[in-house]
Engineer: 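One structure follows; several queries about it will come next.
What you see below is based on every heavy atom in this structure, not just the backbone, and it leaves out hydrogens, waters and symmetry mates. The model shown is predicted, which means the values in this text are computed figures rather than measured ones. All ligand and atom numbering here is 1-based and tracks the order in the structure.
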Amino acid sequence: MEHIGIEPAILYFGTPVVLLGTAGRDGHPNLGPMSSAFWLGWRCVLGMSTSSKTAQNMLATGECTINLPSTAQAGAVDRLARTTGSDPVSPSKLERGYRHVRDKFGVAGLTPVASETVRPPRVAECPVAMEAVVEDSRPLAAELGGNITIFETRVQRVHVHPSITMDGHENRIDPDRWRPLIMSFQKFYGLGDQVHPSRLAEIPEHLYRTPDIARAAGAPRTAAANAN
Ligand SMILES: Cc1cc2nc3c(=O)[nH]c(=O)nc-3n(C[C@H](O)[C@H](O)[C@H](O)COP(=O)(O)O)c2cc1C
């Protein structure tokens, strides 16, 4: 089949939705939905609008939680859409119908849980909730104004619901049980069934372990976590 050239305004071809938990310098928690995220070892690379409360909190504190909703949390994610923890709301966000919300967890109907190694809470309802620190950040397309910041984060804890782990393997996720929420061109989808055998999957997962995992085990617990 021949290709045709087109100029789509967005290139959001389908990525998992992430709820980024952050806290301001005053400790007030925020929750920002996003989907520009990918993982390499225990590093997660995130692209976030620099004017978002989420990016500003991450730049100020160097911490976040990376919560992965399943399709069961699509409604909660949608309730967070077009809300911002920033006050006042920027003109470009006002134009797109955003409003300020201080209590993001409350609006979404989600439950904050204290993290062990970072100040921002994680999301109880998300089957996957990670704690991470910012190792690096840089503006994307600086020559266009740098309106998006790319964060390299390092994961320090991976919390999961036991319902998505693989039988007989306490440290593995079963991809047949993990049903991530996918955002494709601003709409929500789930995954279908496995479509083909995978030669890549013949590689034992333990060969991908990096020194970040041992480093994470030694991450100091926060004072709040120690008090619990
Ligand atoms: C499903 C979904 C995916 C989104 N993906 C991104 C993204 O990848 N990067 C981004 O900067 N904003 C993304 N947004 C918009 C942010 O949610 C928006 O910037 C919001 O202001 C963040 O909240 P905050 O200002 O309280 O941090 C997404 C929104 C939704 C609902």
Side-chain angles (χ1 to χ4, degrees), residues 8-39 44-110 112 118-123 125-126 128 132 134 137-142 144-153 179-191:
I10 51 177
L11 298 174
Y12 301 161
F13 288 105
T15 44
V17 175
V18 176
L19 294 179
L20 286 179
T22 58
R25 284 191 207 279
D26 60 357
H28 184 75
N30 192 59
L31 203 51
M34 59 90 71
S35 60
S36 306
F38 62 88
W39 292 267
C44 179
V45 181
L46 301 158
M48 202 62 207
S49 153
T50 310
S51 68
S52 66
K53 189 69 176 172
T54 299
Q56 289 172 0
N57 284 349
M58 287 173 70
L59 289 167
T61 67
E63 297 185 331
C64 65
T65 60
I66 303 170
N67 306 276
L68 306 185
S70 76
T71 47
Q73 283 87 51
V77 173
D78 199 41
R79 286 191 287 277
L80 286 168
R82 295 160 83 181
T83 69
T84 175
S86 296
D87 185 16
V89 182
S90 70
S92 70
K93 282 205 162 130
L94 277 177
E95 190 187 334
R96 282 175 278 154
Y98 277 75
R99 66 193 162 94
H100 167 66
V101 166
R102 185 165 163 79
D103 180 8
K104 295 284 201 80
F105 279 89
V107 156
L110 295 171
V118 295
R119 215 167 166 196
R122 53 186 204 264
V123 180
E125 289 81 359
C126 286
V128 183
V134 175
S137 64
R138 62 174 282 262
L140 179 81
L144 299 181
N147 295 333
I148 294 172
T149 301
I150 301 295
F151 293 94
E152 176 186 337
T153 63
R179 303 283 89 194
L181 178 65
I182 303 294
M183 192 275 282
S184 180
F185 291 93
Q186 305 192 89
K187 296 185 179 177
F188 297 120
Y189 296 87
L191 289 184

Engineer: Counting each atom of ligand 1 from 1 as listed, which ones have a heavy atom of M183 under 4.0 Å away?
Structural biologist: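 Numbered from 1, ligand 1 contributes 1 (C).
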Engineer: Closest non-hydrogen protein atom to atom 25 (O) of ligand 1, residue and atom name please, with distance?
Structural biologist: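 Of every protein heavy atom, T84 OG1, 2.6 Å lies nearest to atom 25 (O) of ligand 1.
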Engineer: Show your working on side chain to side chain donor-acceptor pair (under 3.5 Å) between T54 and T22 and close with a plain yes or no.
Structural biologist: CA-CA 6 Å; T54 299; T22 58; 4.6 Å; no
Engineer: Enter the distance from T84:OG1 to N30:CG here, rounded to the nearest 0.5 Å.
Structural biologist: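 One gets 7.0 Å once the value is rounded to the nearest 0.5 Å.
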Engineer: Check salt bridge (charged side-chain N to carboxylate O under 4.0 Å, His left out) between R122 and all other residues, then give those that pass, not counting sequence neighbours.
Structural biologist: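 If we apply the salt bridge (charged side-chain N to carboxylate O under 4.0 Å, His left out) test to R122, skipping adjacent residues, the hits are E131.
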Engineer: Has the side chain of S86 got a donor or acceptor atom that lies under 3.5 Å from a matching backbone atom of P88?
Structural biologist: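 Flag not set: sc S86 to bb P88 has no pair under 3.5 Å.
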Engineer: With no hydrogens and no angle check, is any side-chain donor or acceptor of T153 less than 3.5 Å from a backbone partner on C44?
Structural biologist: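 At least one qualifying donor-acceptor pair exists.
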Engineer: For atom 12 (N) of ligand 1, what's the nearest protein heavy atom and its distance?
Structural biologist: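 Scanning the protein heavy atoms, the shortest distance from atom 12 (N) of ligand 1 goes to M48 CE, 4.0 Å.
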Engineer: Check each heavy atom of K104 against ligand 1 and say whether those closer than 4.0 Å belong to the side chain, the backbone, both or neither.
Structural biologist: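 The answer is the side chain.
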Engineer: Consider every N or O of K53 and every N or O of ligand 1, then say whether any pair is closer than 3.5 Å.
Structural biologist: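 Indeed, backbone or side chain, K53 has an N or O that close.
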Engineer: What are the atoms of ligand 1, with element, lying closer than 4.0 Å to any heavy atom of N30?
Structural biologist: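 Answer for ligand 1: 24 (P), 26 (O), 27 (O).
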Engineer: Judged on heavy-atom distance to atom 14 (N) of ligand 1, which of A37, S51, G47, P33 sits nearest?
Structural biologist: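 Residue with the shortest heavy-atom distance to the ligand atom: P33.
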Engineer: I need the contact type for R82 against ligand 1. Using non-hydrogen atoms and a strict under-4.0 Å cut-off, is it side chain, backbone, both or neither?
Structural biologist: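 No part of R82 comes within reach of ligand 1.
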Engineer: Minimum heavy-atom separation for P69 and V77, please, with both atom names.
Structural biologist: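 What the structure gives for the nearest pair is CG-CG2, 3.9 Å.
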Engineer: Which of the numbered atoms in ligand 1 are below 4.0 angstrom from a heavy atom of G85?
Structural biologist: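 Listed by number with element, the hits are 24 (P), 25 (O), 26 (O).
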Engineer: Should we count CZ of R96 as having more than 12 external heavy atoms under 6.0 Å?
Structural biologist: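 Yes, CZ of R96 has more than 12 neighbouring heavy atoms, counting only those of other groups under 6.0 Å.
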Engineer: Keeping Q73 on the side-chain end and E125 on the backbone end, is there a donor-acceptor pair under 3.5 Å?
Structural biologist: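 Judged by distance alone, yes, a pair lies under 3.5 Å.
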Engineer: Might you confirm whether atom OH of Y12 has over 12 heavy atoms from other residues, nucleotides or ligands at distances under 6.0 Å?
Structural biologist: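 Atom OH in Y12 is not crowded, with 12 or fewer foreign heavy atoms closer than 6.0 Å.
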Engineer: Tell me which protein heavy atom sits closest to atom 4 (C) of ligand 1, plus the residue, atom name and distance to 0.1 Å.
Structural biologist: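 The closest one turns out to be M34 CA, 3.3 Å.
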Engineer: Could you check atom 31 (C) of ligand 1 against the protein and tell me its nearest heavy-atom contact, residue, atom and distance included?
Structural biologist: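 Protein heavy atom at minimum distance: A81 CB, 3.7 Å.
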Engineer: In the protein, which heavy atom is nearest to atom 21 (O) of ligand 1, and how far is it?
Structural biologist: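 Protein heavy atom at minimum distance: K93 NZ, 2.8 Å.
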Engineer: For atom 8 (O) of ligand 1, find the nearest protein heavy atom and state the residue, atom name and distance (0.1 Å precision).
Structural biologist: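 The closest heavy atom on the protein side is S36 OG, 2.6 Å.
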Engineer: Mind checking what makes side chain to side chain contact (heavy atoms under 4.5 Å, CB included) contact with S184, not counting sequence neighbours?
Structural biologist: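 Result, side chain to side chain contact (heavy atoms under 4.5 Å, CB included) vs S184: Y189.
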Engineer: Would you mind running through ligand 1 and noting each atom that sits below 4.0 Å from a heavy atom of S49?
Structural biologist: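 Listed by number with element, the hits are 10 (C), 11 (O).
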Engineer: What is the closest protein heavy atom to atom 27 (O) of ligand 1, and at what distance does it sit?
Structural biologist: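 For atom 27 (O) of ligand 1, the nearest protein heavy atom is T54 OG1, 2.5 Å.
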Engineer: Strictly by modelled atom types, are S51 and S49 linked by a side-chain donor-acceptor pair under 3.5 Å?
Structural biologist: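 Side-chain D/A pair, S51 to S49: present.
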Engineer: Who's the nearest protein heavy-atom neighbour of atom 15 (C) of ligand 1, and how far?
Structural biologist: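 I find the closest protein heavy atom is Y98 OH, 3.5 Å.
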Engineer: Can you name the atoms of ligand 1, numbered from 1 with element, that are less than 4.0 Å from a heavy atom of F188?
Structural biologist: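 Those of ligand 1 that fall under 4.0 Å from F188 are 1 (C).
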Engineer: Which atoms of ligand 1 sit under 4.0 Å from any heavy atom of T83?
Structural biologist: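 Heavy-atom distances to T83 below 4.0 Å select 20 (C), 21 (O), 23 (O).
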